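Have a look at the structure below before the remarks.
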Amino acid sequence: MKNLEIPFEKDRKGHYRFFEILPGALSWTLLFTPLILSFINVTVAVFFILFYLLIFFVRSLAYAARAIAGYRTMKRYMKLDWNGLAADLEAGEVVGASITRPRWHYENLKRLDFRSHDIKPSQLLHAVIIATVNESREVLEPTIQALLDADYDPKKMLLVVAYEGRAGKESEDRVKQLIDLYGDKFGHAMAVKHPANIEGEVIGKGGNITYAGRALQKYLAGEKIDPVNVIVTTLDADNRPDKHYFAALSYLFCVVPNPLRASYQPLPMFTNNIWDAPTLMRVIATGNNLFYIVNTQRPHLARNFSAHAQSMQALIEMDFWSVRTIVEDGHHFWRSYFCYDGDYRVYPLSIPIYQDAVLADGYLRTMKAQFVQLRRWTYGASDIAYIADKGFWQRNTAPKLDVLAKLLRSIEGHVTWATGPLLIYFAAFIPPLLHPQNLAANELPLIVSKVQRIGILALLATVYVCLVTLPPRPARYRRHRSIFMLTQWIFLPVTSLAYGSLAAFNSQTRLMFKRYLSKFDVTEKATVNTGGVRHSTNADPSRVKRGRLSNVRWRRRRSG
């Protein structure tokens, strides 16, 4: 088996440290480039800023077009009878004429004979690993119920609840109660406790689900179940798959050319509690929804994020997920890619898995929790050094041009994440501020303003997609809450700067100075019931005071 793990912190030297420093160094350099050029040559500075903003403008138009296309694809997919389409795959031909069949379905039927593995939908078992730390029953139970409500036979599902031993007896009792209550409704259900303080592991989700995956491997071996026929979906405690997810995943798994060398990425939608979340968090959550809708239209750039699925056989071959990173989901793409020497891809699946927007107990705690979450996401910049190391310094047969292209895209993506909003909002004002008598410098803000007016059309298109993907307004809220969903977009500059740029700069600067994030900061969870009562828990057990019977807080929330 290949060594796919990230080096320990003490072993990161030479070229590895160079590529850890690189994204932060590029981001800080690019951020100050307009200022530096304005001192050297104001005309060059003006053209540099215009060039950058025009690139961003063209991208925003493409982004809006993909957002609309992605939304339409999602709506079409959610109307399909995936079990009926799977029945055609089982038979190898069209069976009956009572369901709608898209054109691509007939093409898939023709290609069945060219697949590397002949797996029928009826042979598949779905294993679902739900990772939980200290989340309350109000968060965890609806996730299990969503599995049972799916348009798929739960007896063909294996439920694994992976919980942290460090969370204590209260968490363990909660998980076991849910297994006792719902376990007999599945083909098999088990709770797997991840021991604390395993040597070589960071405190995070990767170690938890890897430990659960190995327990699942032992179960399959004992039952003589071929892991080739098992597809594993990992969920966080608040992840609720759409009812079509498992049927659609079964279909996709059975039609792709090589199902074992691929993973399958559903559509993350942060809408479970979107009406309850504060304004800034709603803007961030709906913006994230839009980002992943757009990504379904760019399959060549698809990566693992949050909930995703993969063959059990493939997971066994790569020894499951990394246990040394706090971004095990995005990192898992690179782990899989180098395990198979580049012969691997992610297939986007335009079926939602509904997740929680950030909501904690109190506005300030929610704002902090949101920043911590986005800092963890932007810490994916740590993968840049891993890509370079595995791709060019370790023995492999992955296509070097492909590795280079992916490395450059990753660098560009993280640098843009940090610098993009700051340059867009402020760069055009630097030359006229330093050179108030220069004609080109003074014309720059006017030109940028005209370009931005056209860009508003793209923004309106994306806002439309964000609005139509919202769930119905809960009865406990008055109609003016819907108006707030529209007017909240005036805070987009605030969220993109405070939670986008600053979080990315925080992560990249940490990497520059070896201030690694070596602990997964669990996001505090809160739910609001139909009566408007908020139920909050500290999902991180290390923050629960010793000696308390419960870390649960209740308070009534005003509806309006």
Side-chain angles (χ1 to χ4, degrees), residues 125-150 154-155 157-198 201 203-220 222 232-241 272 306-307 320-321 323 328-329 353-356 520-527 529 535-546 548-554:
L125 285 175
H126 285 271
V128 182
I129 300 177
I130 302 176
T132 180
V133 184
N134 203 39
E135 289 84 358
S136 67
R137 181 163 179 162
E138 286 76 12
V139 172
L140 186 55
E141 188 170 19
T143 298
I144 298 176
Q145 290 173 334
L147 306 183
L148 296 173
D149 293 339
K155 290 296 183 182
M157 295 185 194
L158 310 176
L159 173 64
V160 182
V161 181
Y163 68 99
E164 292 284 3
R166 62 190 173 91
K169 187 175 186 302
E170 184 179 351
S171 174
E172 182 171 15
D173 291 344
R174 183 186 308 123
V175 169
K176 289 183 177 180
Q177 287 170 6
L178 291 172
I179 291 293
D180 290 341
L181 181 61
Y182 294 104
D184 61 352
K185 295 177 173 60
F186 295 93
H188 179 70
M190 59 182 177
V192 179
K193 179 168 73 173
H194 176 226
N197 302 319
I198 296 179
E201 290 188 2
I203 297 176
K205 180 182 171 184
N208 188 8
I209 56 178
T210 291
Y211 195 85
R214 290 168 182 160
L216 176 62
Q217 180 183 2
K218 292 178 182 177
Y219 167 78
L220 296 177
V232 180
T233 297
T234 57
L235 301 177
D236 288 341
D238 63 334
N239 293 179
R240 292 150 204 177
N272 284 342
S306 189
F320 301 94
W321 296 267
V323 299
E328 90 299 324
D329 49 359
I353 289 191
Y354 306 103
Q355 307 184 28
D356 285 356
F520 189 107
D521 292 306
V522 184
T523 305
E524 183 176 337
K525 305 291 184 182
T527 60
N529 65 21
H535 176 273
S536 303
T537 60
N538 256 326
D540 188 342
S542 65
R543 296 181 182 175
V544 180
K545 292 181 180 179
R546 186 174 299 176
R548 290 180 60 179
L549 294 177
S550 175
N551 63 328
V552 178
R553 295 180 297 277
W554 296 83

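What you see is a predicted model; the values in this text were computed from it and never measured.
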Can you name the residues that form a side-chain hydrogen bond (donor to acceptor under 3.5 Å, both in side chains) with [X], not counting sequence neighbours?
{"X": "S171", "value": "none"}
{"X": "T210", "value": "none"}
{"X": "T233", "value": "Y245"}
{"X": "D238", "value": "K525"}

statement: In short, ring pair (Phe, Tyr, Trp, His ring centres under 6.0 Å) pairs touching residues 168-198 with sequence neighbours left out are H188-Y219, H194-Y211
query: Does A237 offer a backbone N or O that forms a donor-acceptor pair with the side chain of T143 under 3.5 Å?
result: yes
- prompt: Any donor-acceptor pair under 3.5 Å linking the side chain of E135 with the backbone of V133?
  reply: yes
Check whether any side-chain heavy atom of [X] lies under 4.5 Å from a side-chain heavy atom of [Y], and answer yes or no.
{"X": "F320", "Y": "Q217", "answer": "yes"}
{"X": "R166", "Y": "N197", "answer": "no"}
{"X": "R174", "Y": "E170", "answer": "yes"}
{"X": "V323", "Y": "I198", "answer": "no"}
{"X": "E164", "Y": "N134", "answer": "no"}

Partners meeting side-chain contact (heavy atoms from CB on, under 4.5 Å) with [X] (sequence neighbours left out):
{"X": "A307", "value": "L235, N239, I353"}
{"X": "A212", "value": "I129, V160, A162, V192"}
{"X": "I179", "value": "L159, V161, V175, A189, A191"}

message: What's the separation between atom CD in Q145 and atom CG in L140, rounded to the nearest 0.5 Å?
response: 10.0 Å
For residues [X] and [Y], report the shortest heavy-atom separation together with the two atoms involved.
{"X": "E201", "Y": "G207", "answer": "OE1-CA, 3.8 Å"}
{"X": "R137", "Y": "P142", "answer": "O-CD, 3.8 Å"}
{"X": "T234", "Y": "W321", "answer": "CG2-CZ2, 3.2 Å"}
{"X": "R240", "Y": "A146", "answer": "CB-CB, 3.8 Å"}
{"X": "K185", "Y": "P154", "answer": "O-CB, 3.5 Å"}
{"X": "E328", "Y": "I209", "answer": "CG-CD1, 4.2 Å"}

task: For the pair M157 and L148, evaluate side-chain contact (heavy atoms from CB on, under 4.5 Å) and give the outcome as yes or no after the intermediate values.
output: CA-CA 9 Å; M157 295 185 194; L148 296 173; over 6 Å; no
In chain order, what residues pass the salt bridge (Lys or Arg N to Asp or Glu O under 4.0 Å) check against [X], with sequence neighbours excluded?
{"X": "D329", "answer": "none"}
{"X": "D236", "answer": "K205"}
{"X": "K176", "answer": "E172"}
{"X": "K169", "answer": "D173"}

Derivation of the side-chain contact (heavy atoms from CB on, under 4.5 Å) call for L158 and L220: CA-CA 10 Å; L158 310 176; L220 296 177; 3.9 Å; yes
- prompt: What do the steps show when you test L181 against I144 for side-chain contact (heavy atoms from CB on, under 4.5 Å), and what is the final call?
  reply: CA-CA 10 Å; L181 181 61; I144 298 176; over 6 Å; no
